[in-house]
Amino acid sequence: MSDIMQIVKDKDPQEREFHQAVSEVMESIKPVLDQNPVYRKANIPARLVEPERVILFRVPWMDDGGDVHVNRGFRIEMNSAIGPYKGGLRFHPSVNLGILKFLAFEQVFKNALTTLPMGGGKGGSDFDPKGKSDAEVMRFCQAFMCELFRHIGPDTDVPAGDIGVGAREIGYLFGMYKKLRNEFTGVLTGKSLNWGGSLIRPEATGYGSVYFAAEMLATRTDSLEDKICLVSGSGNVAQYTTEKLLELGAKVVTLSDSSGYIFDESGITREKLDYVMMLKNVRRGRIKEYADKYPEAVYSDLDAAAEFNPLWNHKADCAFPSATQNEINGKDAQNLIDNGVFVVSEGANMPTVPEGVDLFLDKKILYGPGKAANAGGVSVSGLEMSQNSMRYAWSREEVDAKLKSIMNSIHSTCLEAAEQYDTPGNYVNGANIAGFVKVVDAMMDQGLV
Ligand code: NDP
Ligand code: 2IT
C-alpha cells in the first residue's frame, strides 16, 4: 500500500488533496486486498487511482466591458465500471487538477454506495462566478459547453452542480448543449423542474445528510429532536440541511460563507432560513447581512489562516460541515469534541483533515464521512436520469421516499462492511470497503480495459 501511495505522489507531487483521498481509501481496503489476492494480482489499486480519461481545455469568454478572459476547463472521467461517468461541476478560483481528481475519486465510491448504476467523474473550472453578472455567467457557461459537449452524453458522462454551479448555471450549460447536439436528453442533472429536472434534487444532498445523521443516532436509540446543530456554508447543501433539521425539531445556530459566520443562539427559524435563501440564491449577498437583519445573531469574520475556525467552537450536539474540503482541522475536531459534539455528518466532500477523522474515530463519535453522508445529491441525480429515460416524473413524496430508502441502505451497507472487517461502527472503513468491492468486482468481470 505504501508502494501505491509512493507512485501516486511521485507522479503528481503537487496534488495534495488527491493524495489525501487516496490514502484514506487505501488504508481502509488493506484487509480486503489481503483476503482477496486476485485484486492485487489484477493490480486493482494502480488501476483505480489513474483516471480513465482527463480532459483539460481552454475557456475563452468576454466580460460585460468587452475584455477577453481565459479560464481552464476540466472533466475527469475517473471510472465507468458500473455506469456512465457521473458527478458535479465546480466553478471556483481554487479549482485545479488535484482537487478535481480527489472529488472524482471520492465520487466513484460514493456512487457505488447509492445502489444506482453510475460511474464516477468530476469537472469544473477556475472561473469565479462571484461578482459576475448573469450575462457574464451565461457567456462563460456557453464557452465551457462549447468544448465539453463533445465528451459527454446521457449514456457517457452526466455532469451536475457542485460549488458555484446551481440551477442558473445548469440552465445555461444545458441550453448550449441542446443547441450544439440538436438533442433534448438527460445529459445534465439538477435541471429546473419544468424542463426535465427532478423534484427534491435541490434538497437532496442536505436532506440526505440529515437522514444519515438520524440513522446514526437511531443506532443509539436517539434522534435529532432538540439537538443543537452547527452547520457551515450557506449554499445549496447548508440551506437544505438546515431546512430538514428544523423539520425534525433540531436547532441550528450557525451558518457561514468564505468571509465569515453567524452564531444565532436563539436558533435559525423557518422565517430566517427563507431570508438566507433569498439573500444567497436571489441577491447573491454575504452571510454578514444576516446579523444586520437579525441583531440577536453575532457575525465574525473568518480567517482561513487562523489556528482554528470559531464556528466549530460552540456548545452543540451535532456538526454538519457543508462548505468545502478540509474545513475542519485537527484543532477544530478537538474543539468539537470538547464542546460536546457527538454526531458529525459530512455534507461537504472531505471536509475533515485526516487527523480530525482519526480523532472522531478514536472518540467513537457518530461520524458519517462525505462519501456516505452526502450521497443523497447524486442519488437523486440518478433518479433524475431514470425519470428522463422514462420521460416521466415522480411526485415529491415518491422521490423523497426513494431518497430516504437509499440513505438507509447506504447506512446499513456501511455498518455491515465495517462489521465484516472487524471495525464495528467505523463508517469510514464501511463506506470505503463497500464502495470498493462493488466497483472492483465490476472491473474484474469486464477484464483488463
Ligand atoms: P454552493 O456553491 O451552493 O455553496 C458553497 C458554500 O460553501 C458557500 O457558502 C461558500 O461561501 C462556501 N465555501 C465554498 N468554498 C469555500 C472555501 N474555500 N472556504 C470557505 N467557504 C467556502 O455549493 P454546495 O452547497 O453545492 O456545496 C457545498 C459542499 O457540498 C461542497 O463540498 C460540495 O462538493 C459538496 N456537495 C455538494 C453536492 C450538491 O449536490 N450540490 C452533493 C454532494 C456534496 P462563498 O459563497 O463565500 O464562496
Ligand atoms: O459531490 C457530489 O456528489 C455532487 N456534487 C453531486 C453530483 C451529481 O451528479 O449530482
Side-chain angles (χ1 to χ4, degrees), residues 17 83-95 99-100 102-111 113-114 116 118-124 128-131 157-170 186-191 197-198 200-209 231-242 255-262 276-277 279-281 284-288 302-304 309 311 320-328 346-352 369-385:
E17 291 84 359
Y85 309 106
K86 181 83 196 88
L89 296 171
R90 177 176 290 191
F91 292 170
H92 193 273
S94 64
V95 161
I99 286 183
L100 293 180
F102 117 64
L103 288 163
F105 187 73
E106 293 276 296
Q107 199 83 46
V108 171
F109 303 94
K110 182 196 307 191
N111 293 4
L113 290 172
T114 66
L116 303 173
M118 299 181 289
K122 201 85 185 190
D128 186 0
K130 246 186 242 125
D157 183 353
V158 183
D162 193 79
I163 290 176
V165 177
R168 173 182 61 169
E169 291 74 19
I170 293 292
V187 67
L188 293 163
T189 60
K191 300 184 292 296
S198 173
I200 303 283
R201 177 62 189 90
E203 293 88 340
T205 311
Y207 280 19
S209 161
V231 177
S232 65
S234 51
N236 172 269
V237 180
Q239 291 170 18
Y240 288 104
T241 295
T242 304
L255 284 173
S256 67
D257 57 27
S258 54
S259 313
Y261 85 104
I262 55 106
V276 171
M277 289 178 165
L279 172 70
K280 285 289 169 185
N281 309 346
R284 299 183 192 275
R286 307 304 293 159
I287 200 69
K288 188 177 203 288
L302 285 175
D303 171 8
N309 180 341
L311 186 154
F320 292 85
S322 309
T324 193
Q325 64 274 0
N326 293 331
E327 57 170 312
I328 297 180
E346 295 185 336
N349 284 304
M350 205 171 74
T352 311
K371 63 171 81 69
N374 73 37
V378 76
S379 299
V380 176
S381 278
L383 300 177
E384 184 172 330
M385 290 165 72

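Both counts, for ligands and for their atoms, begin at 1 and track the order of listing.
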Of the backbone atoms (N, CA, C, O) and the side-chain heavy atoms from C-beta on, which set of [X] has a member under 4.0 Å from an atom of ligand 2: side chain, backbone, both, or neither?
{"X": "K122", "value": "side chain"}
{"X": "V158", "value": "neither"}
{"X": "M118", "value": "neither"}

Could you tell me whether S258 and ligand 1 have an N or O pair separated by under 3.5 Å?
-> yes

Please identify which atoms of ligand 1 are closer than 4.0 Å to at least one heavy atom of [X].
{"X": "H92", "value": "15 (N)"}
{"X": "R90", "value": "31 (C), 32 (O), 33 (C), 34 (O)"}
{"X": "K130", "value": "45 (P), 46 (O), 47 (O), 48 (O)"}
{"X": "S322", "value": "28 (C), 29 (C)"}
{"X": "S234", "value": "9 (O)"}
{"X": "G233", "value": "9 (O)"}

A student checking ligand 2 against K110 at a 4.0 Å heavy-atom cut-off should list atoms 1 (O), 2 (C), 3 (O)

Side chain, backbone, both or neither: the part of [X] lying under 4.0 Å from ligand 1 by heavy atom:
{"X": "R286", "result": "side chain"}
{"X": "A160", "result": "neither"}
{"X": "T205", "result": "side chain"}
{"X": "R201", "result": "side chain"}

Can you find a non-hydrogen atom of G161 under 4.0 Å from ligand 2?
-> yes

Determine, using heavy atoms of E106 and all atoms of ligand 2, whether some pair is separated by less than 4.0 Å.
-> no

Which one of A348, G235, G260, S256 has a non-hydrogen atom at the shortest distance from atom 4 (O) of ligand 1?
-> G235

A student comparing I99, D257, I163 should find that the heavy atom closest to atom 14 (C) of ligand 1 comes from I163

Within the structure, does at least one protein heavy atom fall under 4.0 Å of atom 10 (C) of ligand 1?
-> no

For N349 and K110, run side chain to side chain donor-acceptor pair (under 3.5 Å): C-alpha distance rounded to whole Å, both residues' side-chain angles, the deciding distance at 0.1 Å, then the answer.
-> CA-CA 10 Å; N349 284 304; K110 182 196 307 191; 3.0 Å; yes

Say whether S209 and E346, considering side chains only, have a donor N or O and an acceptor N or O under 3.5 Å apart.
-> no

